[in-house]
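Report on one structure; see the data block that follows.
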Amino acid sequence: MSLITLQSVKKDFGIKEILKDASFSLDATDKVGLIGTNGSGKSTLLKMIAGLEPIDGGQILTTSGSKVIYLPQQPDLDENRTILEQIFADSEEQMSLVREYEELSAKLAHTPEDKQLMGQLSTVMQRMEVTGAWDLENNAKIMLTKLGITDFNAAIATLSGGYRKRIALATALLSEPDLLLMDEPTNHLDALSVEWLQSYLNRYRGGLLLITHDRYFLDRVTNRIVEIDRGDIYSYAGNYSYYLEKKALAEESAVSSQRKHQGVLRRELEWLKRGPKARSTKQKARIDRIRDMQQTEFKQAHGKVDIATVSRRIGKKVIELENISKSYNERTLIKNFTYEFSPEDRIGIIGSNGAGKSTLMDMITGRIQPDSGSVEIGTTIHFGYFDQHSEELLTAGNDNQRVIDYIKEEGEFVTIADGTKITASQMLERFLFPPNQQYAPINKLSGGEKRRLFLLRVLMGAPNVLILDEPTNDLDVQTLAVLEDYLEDFSACVIVVSHDRYFLDRTVDTIFAFEDGYIRQYPGNYSVYLDYKKAEEEKQQQTASSKEKAKNVEAEKTQSSPKETQNKKRRGLSNWEKREFEQLEGKIAQLETQKAEAEKALSNVAPGNYSQVQKLYEQVELLKQGIDQATERWMELAEIDS
């Protein structure tokens with residue numbers, strides 16, 4: 001069954017046509033990855049489906065009764081709420097019950113004998129059960145914990161953008177919609193959280209349409225790829241790897257078709273030049289066919305970002321860190337870290353959000369100073385710092401600046417790898433900014449296009465130490481592939497902070513992992529690092545298992561000593577105890593039945609009848625005590641009888 005159907009949808013922003021005549025449908029079992037170059041209209045398409053962006057033509061049909069939830073890149077949360085209040089924002093009744101339950105629980109902690117409070121608490125618990133508030137709260141706390149959030153009562157206003165994204169993600173998942181629209185859901189998530197989200201979405205039963213740069217994520221979550229390419233939409237069954245294979249074949253086929261077309265057209269034009277007289281119907285049809293062939297347009301293979309800038313000469317001394325430490329308030333981020341970077345280094349830095357990765361980059365580049373230790377930079381070093389927030393690009397005053405002027409601030413000309421000098425405008429075209437976009441203000445660009453523009457400016461500075469802080473955020477997969485190829489040939493030092501597993505596997509040969517304030521070094525890329533961690537965990541488990549076995553052997557030796565054996569000789573059950581033992585099983589079963597009946601009666605009490613609630617509540621508690629006592633006595637007798 002189709003949840004969403006697009007019929008001849010059009011969207012045009014004036015300087016760029018986003019959709020020409022787009023048609024496709026999305027079924028309830030579809031898990032679709034939406035791809036395309038930055039600025040191709042991926043986020044716009046999600047907003048149109050969510051009803052947040054108008055269409056210029058065609059129609060979008062949604063199945064009646066379907067619940068559609070949209071998770072944007074930068075969610076808008078109420079700063080006056082706590083985390084749990086935000087999670088329950090669309091469930092007022094359930095939130096009210098959770099608050100009442102927590103208030104009553106807090107009061108009972110101080111006055112545990114207050115029977116009226118007990119009765120009120122029991123009523124609230126029953127209502128939570130009926131409305132599903134109990135499960136929703138538990139599920140919310142479990143999900144938030146998986147996403148790295150443990151203080152559920154923290155105010156939204158105190159949280160960073162990354163944590164806000166996680167809260168919005170949890171809210172969207174808990175709503176269990178029929179169709180989930182997600183724009184870069186893995187941004188700001190660490191590797192463990194990405195793994196958990198990947199596993200969750202694999203089990204998710206609803207439809208899914210997502211934009212992500214994480215190619216491992218695309219491969220493992222999606223069963224279909226939809227590509228936006230210069231206003232047209234193409235659909236490929238299968239995951240991202242399958243798409244790449246079919247895309248390559250389609251491009252080869254298109255090139256072959258175009259060659260054949262041009263060959264036939266050339267022969268026909270030669271015939272036409274000979275001046276045939278259009279006397280017969282057959283000749284007229286041939287001339288008309290030639291005219292049609294001349295008007296046929298072929299879509300050229302999509303342009304790729306061309307990164308061809310050169311780097312400066314780099315000396316032997318690059319960056320020397322000597323026992324650097326950094327703390328904020330009472331939290332230590334980095335403890336006594338020492339490392340000497342070499343010109344050939346390819347370092348990948350990983351760790352949880354807030355661990356101190358960006359802080360380390362800021363100390364290396366001199367933006368902040370360490371609390372202790374020293375940072376020495378070689379005299380030939382010229383940094384290229386691709387900041388994850390693109391702060392330089394988005395500072396006040398730049399937003400209305402024209403794209404071409406922003407790049408010209410770095411230089412009117414740039415020398416590329418083959419020694420040729422090209423203009424700033426030509427360099428922009430190599431980065432997929434056509435002339436009409438070059439004279440548009442920066443605020444007209446998409447988030448991904450801004451990131452690509454910022455990357456161009458960083459590379460135009462010809463750095464010999466390239467620092468990439470979360471480079472994959474908002475860059476499309478096509479640009480990332482080209483950037484990865486560029487880094488393979490980059491003849492200088494590269495330091496990458498990233499949670500993107502695929503990017504790290506392609507670009508680094510050493511991992512720095514933040515572990516409780518210490519930075520631990522692992523040789524190899526990210527996949528090799530995972531193998532190391534897995535081997536460490538297995539070794540720890542084997543060690544723990546060996547200790548446990550040794551402990552058990554020692555305990556057995558102690559128990560088997562003559563003195564202990566004598567002390568452990570037990571008498572058999574007396575006749576009276578045997579009768580008691582036989583009767584206890586029936587008694588426990590009877591008490592369990594009575595307890596179940598009392599709990600059922602408690603759930604059926606009319607709201608407001610506190611006296612009846614109190615009476616039944618006390619009855620349930622007494623039955624619980626009776627069951628516990630009878631079970632404990634049965635276990636005593638069973639041990640004597642064994």
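Relative to the six-membered ring of Y532, K534 misses at least one condition, a distance below 6.0 Å or an angle of at most 45° to the axis. Seen from the ring of Y216, R220 counts as a face-on cation partner, given the 6.0 Å and 45° thresholds. In this structure, R224 fails the cation-pi test against Y236, since its NZ or CZ atom is not both closer than 6.0 Å to the six-membered ring centre and inside 45 degrees of the ring normal.
Here the straight-line distance linking atom CD of Q198 with atom CG of D219 works out to 9.5 Å at 0.5 Å rounding. Atom-to-atom distance recorded for L144:CG and T150:OG1 is 9.5 Å, nearest 0.5 angstrom. A distance of 9.0 Å separates CD1 of I228 from OG of S43, quoted to the nearest 0.5 Å. Note: S342 OG to I347 CD1 = 7.5 Å, rounded to the nearest 0.5 Å. For the atom pair OG1 of T507 and CZ of R346, the computed distance is 9.0 Å after rounding to the nearest 0.5 Å. With values rounded to the nearest 0.5 angstrom, L480 atom CG is found 5.0 Å from L475 atom CG.
Screening L360, T338, I364 for a side chain to side chain contact (heavy atoms under 4.5 Å, CB included) involving I324 leaves a single residue, L360. Considering N525, D485, L487 as possible partners of R506, the one that fulfils the side chain to side chain contact (heavy atoms under 4.5 Å, CB included) test is D485.
Y339 is linked by a side-chain hydrogen bond (donor to acceptor under 3.5 Å, both in side chains) to D345, counting only residues two or more places apart in sequence or in another chain. In this structure E376 satisfies the side-chain hydrogen bond (donor to acceptor under 3.5 Å, both in side chains) test together with K317, sequence neighbours excluded.
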Does the side-chain contact (heavy atoms from CB on, under 4.5 Å) test come out yes or no for M460 and R457, once each step is laid out? CA-CA 5 Å; M460 281 183 65; R457 177 152 172 169; 5.6 Å; no
Please lay out, stage by stage, how M363 and Q369 fare under the test side-chain contact (heavy atoms from CB on, under 4.5 Å). CA-CA 6 Å; M363 284 194 288; Q369 297 300 313; over 6 Å; no
Working note: L34 + L45, criterion side-chain contact (heavy atoms from CB on, under 4.5 Å); need CA distance, chi angles, decisive distance, verdict. CA-CA 9 Å; L34 183 61; L45 178 56; 3.9 Å; yes
side-chain contact (heavy atoms from CB on, under 4.5 Å) assessment of L173 paired with M143: CA-CA 9 Å; L173 296 176; M143 190 172 290; 3.7 Å; yes
Could you go through the side chain to side chain donor-acceptor pair (under 3.5 Å) check for D371 and S325 one step at a time? CA-CA 6 Å; D371 296 336; S325 297; over 6 Å; no
With a 3.5 Å cut-off and sequence neighbours excluded, list the donor-acceptor pairs that the side chains of residues 516-524 form with protein atoms.
residue	atom	partner	partner atom	Å
R520	NE	Y522	OH	3.3
R520	NH1	Y522	OH	3.1
R520	NH1	E536	OE1	3.4
R520	NH1	E536	OE2	3.1
R520	NH2	E536	OE2	2.4
Y522	OH	E515	OE2	2.8
Y522	OH	K533	NZ	3.3

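For H382 (side chain) and P463 (main-chain N/O), no donor-acceptor pair under 3.5 Å exists by modelled atom type. Judged by distance alone, with hydrogens and angles left aside, the side-chain atoms of N473 form no donor-acceptor pair with the main-chain N or O of N187 at under 3.5 Å. Without hydrogens or angle criteria, T37 side chain to S40 main chain gives no donor-acceptor distance under 3.5 Å. Remark: side-chain polar atoms of S199 are not paired, donor with acceptor, to backbone N or O of W196 under 3.5 angstrom. Counting only distance, with no hydrogens or angles, the side chain of N464 and the backbone of T380 share a donor-acceptor pair below 3.5 Å.
In summary, the side chains of N239 and T222 do not present any donor paired with an acceptor at a separation below 3.5 Å, with no hydrogens or angles considered. Using modelled atom types, one finds a donor on one side chain and an acceptor on the other under 3.5 Å when comparing Y385 with D362. Side-chain polar atoms of Q438 and E429 form no donor-acceptor pair below 3.5 angstrom.
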